[in-house]
Amino acid sequence: MKYKIKNKNIIIKSNNDFNPKHIFECGQAFRWKREEDNSYTCVAKGRVINIFQSNDEIVFSNTNEEDFNNIWIDYFDLKTDYNNIKKELSLEKTIKDAVDYGYGIRILNQEKFETIISFIISANNQIPRIKKSIEIISKNYGEFIENFRGQDYFSFPSAENLSKVSVEELREVARVGFRDKRIIETSKLIANNDFSIKESVNLNSEELRKELERLPGVGPKVASCIMLFSYGRSETFPVDVWIKRVMEELYIKKETNIKLIGKYASEIFGDLAGYAQQYLFYYGRENAIGKL
DNA sequence: TGCCAGGGGTTCA
DNA sequence: TGAACCCCTGGC
């Protein structure tokens with residue numbers, strides 16, 4: 001991975017396949033903040049990092065060379081050649097517009113426990129409220145990291161710590177509604193190793209899905225998101241209401257059901273289905289369905 | 001102002 | 001298979 005260091009910042013070439021807005025606003029992550037200068041501050045792995053695009057350069061600040069190599073290269077999936085993925089996907093003509101539109105998307109490698117809880121919260125919920133709940137949970141039960149640009153940042157709590165919170169308190173404090181029990185029970189299963197995150201990485205995707213769906217609050221869609229956004233299972237194609245609309249509008253040309261859409265996607269996109277999902281999701285949401 | 005629909009789905013009957 | 005679910009926001 002080629003980079004240079006200037007004024008304590010790590011700088012890489014954008015290479016037309018790294019765009020902070022695309023990465024953070026394509027629906028995969030919740031713990032980022034857009035700053036007034038259009039940079040993005042994001043919390044992960046107990047660190048706070050700021051990312052700014054300047055022409056064809058991407059500037060990582062509030063970090064250091066060691067963290068960049070040990071943490072962020074993996075987190076931002078910098079070893080994967082997205083231009084190659086886009087080229088392959090674009091052979092299929094319908095998706096080409098979506099790929100061109102979200103050209104700078106990358107799929108992050110996020111922390112597993114945080115991703116599991118985040119997507120349990122996402123069920124039948126709205127993105128601003130999801131972000132708020134996750135922020136409150138971190139602030140109350142995570143650990144203080146630092147103050148950056150006037151804002152305090154906290155890590156996402158461990159399963160051990162979150163499992164000790166009462167259902168009532170969590171609902172009251174984090175405004176998670178009926179998801180309260182699911183969050184606490186899942187945290188307990190993970191904390192007491194009934195579900196072993198460490199061992200789960202060795203499962204094949206079919207086994208992993210089955211295992212994840214044992215967790216309260218994790219159904220087919222949430223399991224898919226967890227697999228794609230934190231287990232690197234890039235053949236996974238999460239089908240939510242947005243993707244359903246996009247696929248119906250662009251491909252199927254009529255209303256259909258979720259199962260069929262997943263099957264269809266895997267036939268067209270194969271092992272690249274997960275990437276395809278992200279380009280389509282971003283394209284569909286940003287352009288608002290109906291105007292495609 | 002106040003009511004109502006609907007949302008990154010899952011669960012339970 | 002279908003209704004119910006917390007809470008919040010946007011539209012009327």
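Just so we're on the same page: letters track the sequence lines, and every chain starts at 1.
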### Message
With rounding to the closest Å, how many angstrom separate the P atoms on B:dA5 and C:dA3?
### Response
15 Å
### Message
Using the P atom as the point on both nucleotides, what is the distance between C:dC6 and B:dA13, in whole Å?
### Response
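It works out to 14 Å between them.
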### Task
Would you mind reporting whether A:D194 and A:R214 have side-chain heavy atoms less than 4.5 Å apart?
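They are in side-chain contact.
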What nucleic acid atoms does [X] come within less than 4.0 Å of, heavy atoms only: base, sugar-phosphate, or nothing?
X	value
A:I130	base
A:Q28	base
A:R129	base
A:F229	nothing
A:G177	base
A:P220	sugar-phosphate

What is the distance, rounded to the nearest whole Å, between atom [atom1] of [X] and atom [atom2] of [N]?
X	N	atom1	atom2	result
A:F178	B:dC12	CZ	C1'	13 Å
A:R245	B:dG9	CZ	C1'	13 Å
A:R175	C:dC7	CZ	P	5 Å
A:D240	B:dG7	CG	P	11 Å
A:N257	C:dT1	CG	P	10 Å
A:L212	B:dT10	CG	C1'	15 Å
A:I261	B:dG9	CD1	P	12 Å
A:I116	B:dG9	CD1	C1'	17 Å

### Message
Could you tell me the Watson-Crick or G-U partner of C:dC7, where both distances fall under 3.5 Å? Say none if there is no partner.
### Response
B:dG7
### Task
Of all the heavy-atom pairs spanning A:E35 and A:F148, show the shortest one and how long it is.
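Minimum heavy-atom separation between A:E35 and A:F148: OE2-CE2, 4.2 Å.
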### Query
Side chain of A:R171: nearest nucleotide among B:dT10, C:dC7, B:dG6?
C:dC7
### Nearest-nucleotide pick for A:R179, side chain only, options being B:dT10, C:dC6, B:dG7
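Minimum distance to the A:R179 side chain belongs to C:dC6.
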### Task
Tell me, please, whether A:Y40 has A:K33 positioned over its six-membered ring: NZ or CZ under 6.0 Å from the ring centre and within 45 degrees of its axis?
no
### Task
Would you kindly check if the NZ (Lys) or CZ (Arg) of A:K45 is within the cone defined by 45 degrees around the ring axis of A:W72 and under 6.0 Å from the six-membered ring centre?
no
### Message
Does A:K112 have more than 12 heavy atoms from other residues, nucleotides or ligands lying within 6.0 Å of its NZ?
### Response
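Counting neighbours around NZ of A:K112, more than 12 heavy atoms of other residues, nucleotides or ligands fall under 6.0 Å, so yes.
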### Task
Between A:V218 and A:I127, just flag the one whose closest nucleotide in DNA chain B comes earlier from the 5' side.
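First, find each residue's nearest nucleotide; the 5'-ward one identifies A:I127.
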### Task
Between A:N124 and A:P128, just flag the one whose closest nucleotide in DNA chain C comes earlier from the 5' side.
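In this pair, the answer is A:N124.
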#### Entry: Near-ring test A:F76/A:F60, centroid separation under 6.0 angstrom
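Judged by ring-centre distance (under 6.0 Å), A:F60 and A:F76 do meet the cut-off.
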